[in-house]
Amino acid sequence: MMNNEKQLVLVSIDKLQSLLNPVLNKLVIIEKTLNKKTPTNKVGYYRNKDLKIKFGLSPNTIIKYRESGVIPFTVIGEVYLYPIKQLGEVLKMNSNWDLFHRKVS
């Protein structure tokens, strides 16, 4: 008959840290490598569904903002694309955060 019982082993915090530190160090190195490879000038775009989810905009509001020039967009066929960087700038320009921040300080 085989003994399939597993034993519970308790390790000290120091031992656990010594086991986990190399793994954590490797993860830091991997993260730094990935951040270096990610282009910072990459252009990303939202689609209509992204604007609905991220900002809670209705389809009619998106159309109104597009037609009135509130938000920048480009069209490929019947697909509307909204540049992420420019939308961030629009949000920043229309923000009252600076006023709020100065008032609190």
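Numbering starts at 1 and runs along the sequence shown.
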Pairs of donor and acceptor atoms involving the side chains of residues 43-56, under 3.5 Å and at least two apart or interchain, shall be tabulated with distances.
{"unit_1": "Asn48", "atom_1": "OD1", "unit_2": "Tyr82", "atom_2": "OH", "d": "2.6"}
{"unit_1": "Asp50", "atom_1": "OD2", "unit_2": "Arg47", "atom_2": "N", "d": "2.8"}

So, using ring pair (Phe, Tyr, Trp, His ring centres under 6.0 Å) as the criterion, who are the partners of Tyr80 when residues are at least two apart?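 Tyr80: ring pair (Phe, Tyr, Trp, His ring centres under 6.0 Å) contacts with Phe73.
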Which pair of heavy atoms, one from Pro83 and one from Pro72, lies closest together, and at what distance?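 Nearest heavy atoms, Pro83 then Pro72: CD-O, 3.6 Å.
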Give the minimum heavy-atom separation between Val70 and Val90, together with the two atoms involved.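 Minimum heavy-atom separation between Val70 and Val90: O-CG1, 3.7 Å.
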Nearest-0.5 Å distance that lies between atom CD1 in Ile71 and atom CD1 in Ile63: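 The distance works out to 10.0 Å.
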Closer than 3.5 angstrom, by distance alone: can the side chain of Ser95 be matched with the main-chain N or O of Leu91 as a donor-acceptor pair?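 Not a single qualifying donor-acceptor pair exists.
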What's in the same ILVMFWY side-chain cluster as Met93, cut-off under 4.5 Å, chained through other members?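 Under the 4.5 Å side-chain rule, Met93 groups with nothing.
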Who passes side chain to side chain contact (heavy atoms under 4.5 Å, CB included) against Ser58, sequence neighbours left out?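 Here the qualifying residues are Asn60, Thr61.
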If hydrophobic clusters are built by linking Ile, Leu, Val, Met, Phe, Trp and Tyr wherever their side-chain heavy atoms come under 4.5 Å apart, do Leu57 and Leu87 end up in the same one?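 Yes, because Leu57 and Leu87 connect within a single hydrophobic cluster, where side-chain heavy atoms sit under 4.5 Å apart.
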Would you mind listing every ring pair (Phe, Tyr, Trp, His ring centres under 6.0 Å) that reaches into residues 4-25, with sequence neighbours excluded?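 Of all non-adjacent pairs touching residues 4-25, none passes ring pair (Phe, Tyr, Trp, His ring centres under 6.0 Å).
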Under 3.5 Å, sequence neighbours excluded: what are the donor-acceptor pairs made by side chains of residues 14-26?
{"unit_1": "Ser18", "atom_1": "OG", "unit_2": "Lys15", "atom_2": "O", "d": "2.7"}
{"unit_1": "Asn21", "atom_1": "ND2", "unit_2": "Gln17", "atom_2": "O", "d": "3.3"}
{"unit_1": "Asn25", "atom_1": "ND2", "unit_2": "Asn21", "atom_2": "O", "d": "3.3"}

